[in-house]
Amino acid sequence: MPSDAVMDTTSFPFSAVLGMDDAKKAIMCALVNPKIKCVLIKGRSGVAKSTIARSVRGICEKSIVNVPLNVANEQLFGGMDIESALKTGSPALKKGILGRADGNLIYFDDVNLADDTLTMSLLDSILCGRVIIEREGISSSYSVDAALIATMNPEEKEMSDHIMDRFDICANSSGEERKDEVLRRNMSYSDDPSLFCQSYSEEEEEIKNKIKRAKRILPTVRISDDLIQIIVELCGKIGAAGHRGDISVANTAMTLAALNDRDEVIKKDVEEAAILCLSHRRNYSPPPPPPEEDEKEEEEQDQEEEKEDEKEQNDDKNEPEEDWDEPEKDDKQDEPPPNMEGMLDEMLFEIGEQFKVIDFLGQGDKKRIKKTKSRMGRRETVESCDSTGRYSGYRMPRERVSDVALDATIREAATHQRSREKGSMAINIEESDLREKVRERRSGCTIMFVVDASGSIGVRKRMVAVKGAILSMLRESYVKRDRVGMMAFRRSSTEVILPPTKSVEYSHRKLEELPTGGKTPLGNALTEAGCYMATYSKHHPGESCYVVLLTDGRANVPMESGSDAISEAQEIAEKIKIHGVKWIVIDVASGFKRFNHAKELAMKLEGTYFRLDDLNAENLSAGVKALIS
């Protein structure tokens, strides 16, 4: 490091951040390649997302312009120059934060908590390289050449797919680095920042030189047609919509090659680029269903389940209080049959493995709710109907103004001052100038799990995986501060096991105690769930309500004698229409042979369909590598 260089000790050294390899590669790619404009670092709280983003100032000559979380449109993009308007009476443009960011880097912490419209406009301005202002009598624009480094905690709030797609790179940070070494480095930096930064000065300088070399090499880097074809096929298999994924993977692969002092892209570059560029573009929609099975195969499965039902009915005659599968016989015929407690243990399946679930509610496609009684939560952003919440914008007053947006009111009045009598006042504000604040806050929702607890789910041991999936979704709902309830259907009826509550401990206990056995009254379950949620939604106007139905779509207990249970259930589903309630059907069927009963049920309910395996969002990296190899 040159002796006359001034060392920046206000931020942690980039090279001193332990681990975070994907985030480091993403940031370096953005510094090398001007075509990579938007980088997102994603991870839970406390994994050093902000630290790695702020440390960029130590490895580049550009300034970092911070975007505050509660930034308004006028602050970010620009708006009326009030001082000039008061003097001249004509509206004039005053650039915002993006004007100062031209030629530099933009840092946006917790970008997912910002208003979606503002975030989308920010990303579009950066990608297009131009900010366009059309408001308050101003029609103007200015250029901006900047790269965005943003961070988000998905446990707070997910972003919609169309916003995520505008980020060229999304680096996931797990925070699984050695905690003892992280602690040592943090303590050393706190004790003496100058000495600590000096100890990493050579590594920082090496990274700077690496970035400079990569910038010189990048124009000469070439990628073969075979690798381009691999990128296209990979994006297709992942389900990445549009062309942004393909373009981002190609640009990032070329940049990684330049960072490794190569002018030719190799397969490893594509693999690393795919992990960086496609993790947030993966389409979790289920693949097309397999060709329909022959009627003979379906009849065979029906006969198999009828035999199971007959066996359960025989058990009912001997044990009228519960339905049990006949215990396996052993060589000791003279032993007494197992007692009720032992049989209960056999039918109370354990909870299977939990996992990180996808955004199965599809919050990215949700519109803002105007009024709600739900005040606490982290699931979605709602417009406040009172003076609580964050000031996010302004509007013309609808009634008497009680929450005045002073900044917007002054801007509106500024252009009329030349024609008004001000007297000793600096500004004359009339009633027509008044604007009121628009506030927003975070809210939760209500999720009712309706679980198939019949014998067919238990016989194949599917209930273990089903319980694991339910608990995973329950934990996600707990983080979002949702209310969750549970209903189970088996034998000939449906039972409300748990009314909507925010207690995850109580939900977990009820899930553990959920028994399995008996027939499948799917039609009854749909009817009971529909009636319950119709009443609930009326008492909670404006609140988002979901029914998550876990079933294979098969039924054998009709509500009307002589009817076909499966057809009857689908007819009931088609008639269910509840305002404010959405249905999600999770297909718990297993095995190679699958039928489309659950998917058809989802179509009748006008809901969303998932297979049980589709809920797991943890194995993308392994899947990407497998597809490439």
Side-chain angles (χ1 to χ4, degrees), residues 1 11-42 48-49 51-62 64 104-107 126 145-151 167-173 177 200-224 226-228 230-231 234 244-280 621 624-625 628:
M1 183 175 183
S11 61
F12 203 81
F14 185 86
S15 57
V17 178
L18 190 64
M20 303 281 286
D21 293 336
D22 284 350
K24 289 179 179 179
K25 281 190 288 188
I27 290 172
M28 292 173 68
C29 285
L31 295 177
V32 171
N33 194 338
K35 294 180 181 179
I36 299 175
K37 293 285 188 180
C38 302
V39 172
L40 178 64
I41 303 173
K42 188 176 179 182
K49 303 185 301 295
T51 302
I52 192 69
R54 295 190 181 102
S55 68
V56 176
R57 69 184 66 188
I59 59 171
C60 69
E61 292 81 18
K62 296 181 179 181
I64 296 180
N104 296 302
L105 296 174
I106 303 171
Y107 170 55
I126 293 173
D145 181 13
L148 171 67
I149 300 175
T151 65
F167 284 95
D168 299 297
I169 295 176
C170 176
N172 291 287
S173 303
E177 291 76 23
Y200 284 91
S201 60
E202 292 185 4
E203 295 180 36
E204 294 285 279
E205 192 66 24
E206 184 178 343
I207 293 174
K208 287 183 182 179
N209 293 332
K210 185 175 183 179
I211 292 172
K212 291 178 181 178
R213 288 197 306 271
K215 286 182 177 180
R216 293 195 298 268
I217 296 173
L218 183 61
T220 67
V221 175
R222 297 292 177 265
I223 182 170
S224 66
D226 291 340
L227 290 180
I228 290 176
I230 288 176
I231 292 173
L234 178 60
R244 288 194 179 98
D246 310 69
I247 296 171
S248 297
V249 173
N251 285 332
T252 304
M254 296 172 68
T255 309
L256 290 172
L259 284 168
N260 288 284
D261 297 327
R262 285 184 277 101
D263 59 3
E264 184 74 23
V265 177
I266 61 175
K267 191 175 181 180
K268 182 181 178 182
D269 299 326
V270 174
E271 179 180 330
E272 292 179 359
I275 293 173
L276 291 173
C277 301
L278 298 182
S279 63
H280 59 301
S621 296
V624 169
K625 292 180 180 179
I628 294 177

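FYI, side chains are in, hydrogens and waters are out, and symmetry mates aren't considered; it's all heavy atoms of this structure.
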Side-chain heavy atoms of Leu259 within contact of Met28, under 4.5 Å | yes
Measuring from Ile52:CD1 to Ile41:CD1, what's the distance to the nearest 0.5 Å?
-> 6.5 Å
Do you know which two heavy atoms are closest between Gly58 and Lys208, and how far apart they sit?
-> O-CE, 2.9 Å
Distance, nearest 0.5 Å, that separates CD of Glu272 from CD1 of Ile266 = 8.0 Å
Under 4.5 Å between any side-chain heavy atoms of Leu31 and Val56, yes or no?
-> yes
Non-hydrogen atoms of Lys42 and Lys49 that approach each other most closely = C-CD, 4.0 Å
Closest approach of Val270 to Ile230 (non-hydrogen atoms, all atoms of both residues) = CG1-CG2, 4.4 Å
Flag the pair Phe167 / Leu148 as yes when at least one side-chain heavy-atom distance between them is below 4.5 Å, and no otherwise.
-> yes
Minimum side-chain heavy-atom gap Thr51-Val17 below 4.5 Å = yes
Do you know which two heavy atoms are closest between Pro219 and Arg222, and how far apart they sit?
-> O-NH1, 3.2 Å
Measure the shortest side-chain to side-chain distance between Leu276 and Val249 over non-hydrogen atoms and say whether it is less than 4.5 angstrom.
-> no
To the nearest 0.5 Å, tell me how far Ile64 CD1 sits from Leu105 CG.
-> 5.5 Å
Quick one: SG on Cys29 to CD1 on Ile36, what's the gap to the nearest 0.5 Å?
-> 5.0 Å
Partner of Ile169 under side-chain contact (heavy atoms from CB on, under 4.5 Å), picked from Asn251, Ile27, Asp22, Thr252, is Thr252
Smallest heavy-atom separation, Met20 atom then Ala48 atom, equals CE-O, 3.5 Å
Roughly how far, to the nearest 0.5 Å, is NZ of Lys267 from CG of Leu227?
-> 9.0 Å
Hey, could you give me the CG/CZ distance between Asn260 and Arg213, rounded to the nearest 0.5 Å?
-> 10.0 Å
Electrostatic pair Lys37-Asp145, nearest N-O below 4.0 angstrom | yes
Worked verdict on Ile275 versus Ser279 for side chain to side chain contact (heavy atoms under 4.5 Å, CB included) | CA-CA 6 Å; Ile275 293 173; Ser279 63; 5.8 Å; no
Closest heavy-atom contact between Leu256 and Ala273?
-> CD1-N, 3.9 Å
May I have the step-by-step check of side chain to side chain contact (heavy atoms under 4.5 Å, CB included) for Asp168 and Cys277, ending in yes or no?
-> CA-CA 6 Å; Asp168 299 297; Cys277 301; 6.0 Å; no
Verdict with supporting geometry, Leu218 and Val32, side chain to side chain contact (heavy atoms under 4.5 Å, CB included) | CA-CA 8 Å; Leu218 183 61; Val32 171; 4.3 Å; yes
Might you confirm whether atom NZ of Lys35 has over 12 heavy atoms from other residues, nucleotides or ligands at distances under 6.0 Å?
-> no
Would you confirm whether Asp269, through its side chain, and Val265, through its main-chain N or O, come within 3.5 Å as a donor-acceptor pair?
-> no
So which of Lys24, Glu205, Glu204, Glu206 actually passes side-chain hydrogen bond (donor to acceptor under 3.5 Å, both in side chains) with Ser15?
-> Glu204
